[in-house]
Amino acid sequence: MTPINPIQLKDEGNKHFQAGDIDKAIECYTKAIKECKDKNTLAVIHRNRSACYLKKENYASAASDASKAIDIDAADIKALYRRCQALEKLGKLDMAFKDVQRCATLEPKNKTFLETLRRLGAEIQAKLKTTFSTDSRVQNMFDILLNEEMEKDKREKAANNLIVLSREDAGAERIFQNNGVPLLLNMIETGKPEMILAAIRTLSGMCTGHKARAMAIIHMVGVDKMCSIMAIDNEEIALATCNLFQCINDSLTGGDSREYGKEEALVLDASKDLKTILLSLLEMVASKKVSGHGRDQALNLLTKNVPRKDRKDKNNSRTLFTIDQGLKKILKVCGQVPELPDQLPLTENTQLIASVLLNKLYDDLTCDPERNNFRDVCDEYIKSKIDPNNMDKTLHAVNVISGLLQGPFDVGNALVGHQGIMEMMVALCGSEREVDQMVAVEALIHSSTKMSRASFIITNGVSLLKDIYKKTTNERIKIRALVGLCKLGSAGGDDYSLRQFAEGSTEKLAKQCRKWLCNPQIDTKTRKWAIEGLAYLSNDADVKDDFVEDELALKAMFELAKSRDKTILYAVACTLVNCTNCYDKKEIIPELVQLAKFSKQHVPEQHPKDKKDFIEKRVKRLLKAGVTSALAVMVKADSSILTDQTKEMLARVFLALSEDARDRGTIVAQGGGKALIPLALEGTDTGKVKASHALAKIAAVSNPEIAFPGERMYEVVRPLVSLLHTDREGIQNFEALKGLTNLAGYSEKLRKKIVKEKALPDIENYMFEEQDQIRQAATECMCNLVTCKEVQDRYLEDGNDKMKLLVLLCGEDDDKLQIAAGGALAMITAAQKKLCTKLTRVTPQWLEILQRLCLHTNPNIQHRGIVIVYNMLNSDDNELAKKLIESEMLEILSVIGKAADNPKRQEVIDAARACLVKAMDLDLIKPFTSPS
């Protein structure tokens, strides 16, 4: 059989095509493709068949054939244009646009290509508008998310877009109106963690700051449903759901300032919903169905939202309701003994969070009957659990007491004093079971917190604990017994003369603690107790010094501080406060010491190793071992365990670490700058001031973009401005000014933020300060702020001495002050010509001061003076220019301007020459001509 010639078939196909018989043409081309071996001919046939498919409106095949031709020859212009036409019909505009772009590049003058390019460009723009109109976007996202076949990265992207959209009010409303809540519930029903997270975070965005929408969502999703999601054993989901509850709570309790008009009464009565949420959270606290993470977040929500935020608010009904409905449930959590069977699921942190909550509730009570009721409920609960025939129930009771001792100490302390309780603890210490001993020893440790109380324990407890310490072979019990001894041994604080134990035994105890701390074979919970021991023992300066020399022990402590167990934060913070000596020290007045000695009273003594040079060495050691990165992780602890007191201690440590300017780079490199911002914004007043002071020290010497990346740069301004208050110490005022000067020199946006935070009146006041360094720092700060329009307006206003002060500061005998004041004056007169005239009116000495600047031996000061003169000549005030040139100023400028070029003084010489040229332009002096 003779082979069929593909070229012949192709030509036949062409004839059919021209005759309009498209089906026959396709048939010929298809046969030719099967037979053809030559690549170039094959490309032509594919291209021709593509044209047929276009005619038949079979656009997918047309695009496919054109692509095969392009694969053989990338510059096949006919194939490119055919594929462009097919893709356009298939709705793939962006791909069609790329093809026609290539055609237009190959044939730039082809009108068809140019016209198609313009048309497709316009269509793409129109399509983008509709795609991004929120409705279709929302629908699109849900389609992608709920489509099982869709690729993972596309679904992730859609989830993120949905979350971002829900954070804008218009976007949240669109999601809500487009059946969003049921669709989000569908996402939750998939049971996939990433889908649940995306749905919960989207709901949080939708509930933020919109009361009506938040209430609608509560009813559509249901509080029980939200609680069951928070109960899942997944830390991220529990945290996200906790955040959702918080957003709902904030919107319902006044985080929404919208005007609702007539519907107000209907919409705004949220008390029922808030009560439902509170009861559901209390149910979660003691439910076995709830995971440890879920329980933590339920307790965190109660801690954050039940007690009053402001003590001036007289209404503590939420607290009373919580005590009435849930106190026993919280006590049940405190009493859990994880080593026993059939306990509630807990995390490492749950019981301490419960203690913090108990403390907050007790603190929120306003009168004795309320406090007595709280104590009675606790007392009754413990009595109901003590059972001589059931050791496990009794342990539960002892653990509840431990929980109370870590929370409202007075309540726990009163219970320990009840008849039989102490005896029960002692009996448990002698039990055969490890768990009995452990629970009892921990209770003993917690009950010896206050020195006054400890005197009772010291008499009974020390011998008991020593006994356990010597006899037990169990390391876990040994460590706990040791911590009890450490705690009792440290009752004298850092007072060298009040040591409970014999010389040297404190160091021995500390050495043992460090050994346990470094032993990875021991479980984290037990190693944590070793840090507790060091927290007490490091009151002793010998112990501090030995500890910081032991780099392995330091690093082990920092690693534990970064672990998920946050119950450790307080002990680590205490230890670091002790090692850096940043606690408040009582001032010792020599006369009183003499008097005390005479009357045989006790006098506190300072340990030689608590002197300044020893402290500095310890700080360097801590920084070298990586203390900053540990602190940065501790600050992020998202939990009520990070109490205001712990935050204050962390702020104190940061301040001690940043004392030496050379160490601040290390602190910034390890994330210290970022970590300080939340400490400066929340916590005790002392803590906020200490953190702000540390921020000021860092801001003064660092590049703000590196120390406080992104938006954090603007968050630093407020803490620094708070240090300008007259109540603050001089050193705090000074360092805040230095920090603000550095920030103000960085960007216009930062300058505006400083002005917005109302810092200007304080900075201006400090320019009048008698203390030289503060006055100089304030003037330097103002010098960096004068380019800001708002600042210039203040100088333009009449009826103040701002301009006069700047001029007079230029006349002071302090080089640095003159540079700052002269710089400010030079910049502000360049920006505002009216101020040149005002400058001559504020003080009769203006010309003399200006001449002194221009004659100064320091070229920096001289340059600023001459620039001010140039600004005055350039100010459109001819009288003023004439007055300047008629004074001795002309002679000064001439001498400087005629000097030979000199690289060290070139700026000054050039500025003087510019003044002379300006004077010639104004016809105030004649050009200098040499005799012919």
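Predicted model, so just to flag it, every value in this text is computed and none were measured. Along the sequence shown, residues are numbered consecutively beginning with 1.
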* To do: State, without any angle test, whether Q246 and D250 hold a side-chain donor-acceptor pair at a distance under 3.5 Å.
  => yes

* Asked: With a distance cut-off below 6.0 Å to the six-membered ring centre and an angular limit of 45° from the axis, does K690 pair with F654 as a cation-pi contact?
  -> no

* Asked: Hey, are the side chains of E532 and I568 touching, using non-hydrogen atoms and a 4.5 Å cut-off?
  -> no

* Take atom NZ in K309; do more than 12 heavy atoms of anything else shown fall under 6.0 Å from it? -> yes

* Looking at side-chain heavy atoms only, is the closest gap between F176 and M220 below 4.5 Å? -> yes

* To do: Locate the shortest heavy-atom distance separating C207 from I217; write the atom from each residue and the value.
  => SG-CD1, 3.7 Å

* Nearest-0.5 Å distance, CG of residue L655 to CG of residue L650 -> 12.5 Å

* **Crowding at CD, Q343 (>12 non-hydrogen neighbours, <6.0 Å)** => yes

* Taking N178 for the side chain and R174 for the main chain, is one N or O donor matched with an acceptor at less than 3.5 Å? -> yes

* To do: Show your reasoning for whether side chain to side chain contact (heavy atoms under 4.5 Å, CB included) applies to H210 and E173.
  => CA-CA 10 Å; H210 196 301; E173 193 52 38; 4.3 Å; yes

* Starting from the C-alpha separation in whole Å, work towards a yes-or-no answer on salt bridge (Lys or Arg N to Asp or Glu O under 4.0 Å) for R564 and E235. => CA-CA 11 Å; R564 290 170 61 160; E235 190 172 4; 3.2 Å; yes

* Asked: Salt-bridged, K329 to E283, with N to O below 4.0 Å?
  -> yes

* Kindly give the heavy-atom pair with the smallest separation between L346 and Q336, and that separation in Å. => CD1-CB, 3.7 Å

* Asked: Do I232 and H293 have side-chain heavy atoms sitting under 4.5 Å apart?
  -> no

* Asked: Going by atom types alone, do E380 and S384 pair a side-chain donor with an acceptor below 3.5 Å?
  -> no

* State, with a plain yes or no, whether a side-chain heavy atom of M649 is found less than 4.5 Å away from one of Y570. => yes

* **Partners meeting side chain to side chain donor-acceptor pair (under 3.5 Å) with Q325 (sequence neighbours left out)** => none

* Value rounded to 0.5 Å, distance of CD1 in I353 from CG in L642 -> 11.5 Å

* **Check ion pair K225-E189 (N to O, under 4.0 angstrom)** => yes

* R201/E236 ion pair, N-O < 4.0 Å -> yes

* Greater than 12 external heavy atoms within 6.0 Å of K275's NZ -> no

* To do: May I ask you to test the H725-R728 pair for a side-chain heavy-atom distance under 4.5 Å?
  => yes

* Asked: Given T347 and D296, is the side-chain hydrogen bond (donor to acceptor under 3.5 Å, both in side chains) satisfied, shown in steps?
  -> CA-CA 8 Å; T347 69; D296 285 2; 2.6 Å; yes

* Straight-line distance of E339 CD to L395 CG, nearest 0.5 Å -> 9.5 Å

* Asked: Are any of the side-chain heavy atoms of M206 and I175 separated by less than 4.5 Å?
  -> yes

* **Backbone N/O of S563 and side chain of K566: donor-acceptor pair under 3.5 Å** => yes

* To do: Keeping the roles fixed (side chain from Q406, backbone from H446), state whether a donor-acceptor pair exists under 3.5 Å.
  => no

* **Audit row: K752, K756, side chain to side chain contact (heavy atoms under 4.5 Å, CB included) steps and yes/no** => CA-CA 6 Å; K752 284 194 164 138; K756 194 179 167 193; over 6 Å; no

* Asked: What do you reckon, is NZ of K562 surrounded by more than 12 foreign heavy atoms closer than 6.0 Å?
  -> yes

* To do: Would you indicate whether the side-chain heavy atoms of M187 and K192 approach each other to under 4.5 Å?
  => no

* Pairwise distance CZ(F245) to CD1(I229) - rounded to 0.5 angstrom -> 8.5 Å

* Run the numbers on K360 and D364 for salt bridge (Lys or Arg N to Asp or Glu O under 4.0 Å), then give the verdict. => CA-CA 6 Å; K360 288 262 174 100; D364 199 43; over 6 Å; no

* To do: Look up atom CG in L724 and atom OG in S692, then write down how far apart they are to the nearest 0.5 Å.
  => 10.5 Å

* Would you name the heavy atoms of C227 and S280 that are closest together and state the gap between them? => SG-CB, 3.6 Å

* Verify, without hydrogens or angle tests, whether R295 (side chain) and V290 (backbone) share a donor-acceptor contact under 3.5 angstrom. => yes

* K753/E757 salt bridge by N-O under 4.0 Å criterion -> yes

* **Distance-only donor-acceptor check, side chains T524 and D565, under 3.5 Å** => no

* Do you know which two heavy atoms are closest between L681 and P719, and how far apart they sit? -> CD2-CG, 4.0 Å

* Using a strict 4.0 Å threshold on nitrogen-to-oxygen distance, state whether R213 and D169 make a salt bridge. => yes

* Does the distance from a Lys or Arg side-chain N to an Asp or Glu carboxylate O, for D410 and R371, drop under 4.0 Å? -> no

* Could you walk me through whether L404 and S355 pass the side chain to side chain contact (heavy atoms under 4.5 Å, CB included) test, one step at a time? => CA-CA 6 Å; L404 285 163; S355 291; over 6 Å; no

* Between N243 and Q297, do the side chains contain an N or O donor and an N or O acceptor separated by less than 3.5 Å? -> no

* Under the side-chain hydrogen bond (donor to acceptor under 3.5 Å, both in side chains) rule, what do E370 and N316 come out as? Steps first, then yes or no, please. => CA-CA 11 Å; E370 288 176 4; N316 67 343; 3.2 Å; yes

* Cut-off 3.5 Å, side chains only: do S402 and E442 have a donor facing an acceptor? -> no

* Asked: Do you see a donor-acceptor pair shorter than 3.5 Å between the side chains of N305 and N249?
  -> yes

* Mark yes or no for whether T190, through its side chain, and N186, through its backbone, hold a donor-acceptor pair below 3.5 Å. => no

* Asked: So, T567 versus N349: side-chain donor-acceptor pair below 3.5 Å or not?
  -> no

* Asked: Do K688 and E682 have side chains that get closer than 4.5 Å, going by heavy atoms?
  -> no

* Show your working on side chain to side chain contact (heavy atoms under 4.5 Å, CB included) between C378 and L331 and close with a plain yes or no. => CA-CA 8 Å; C378 295; L331 293 174; 4.1 Å; yes

* **Any donor-acceptor N or O pair under 3.5 Å, side chains T643, T646** => yes

* Rounded to the nearest 0.5 Å, how far does CG of L239 lie from CG of L244? -> 12.0 Å

* **Electrostatic pair R308:D313 at N-O distance under 4.0 angstrom** => no

* Locate the shortest heavy-atom distance separating L358 from P408; write the atom from each residue and the value. => CB-CD, 3.7 Å

* If every non-hydrogen atom of K525 is compared with every non-hydrogen atom of P338, which pair is closest and at what distance? -> NZ-CG, 4.3 Å

* To do: May I ask you to decide if A214's main-chain N or O and S251's side chain share a donor-acceptor pair within less than 3.5 Å?
  => no

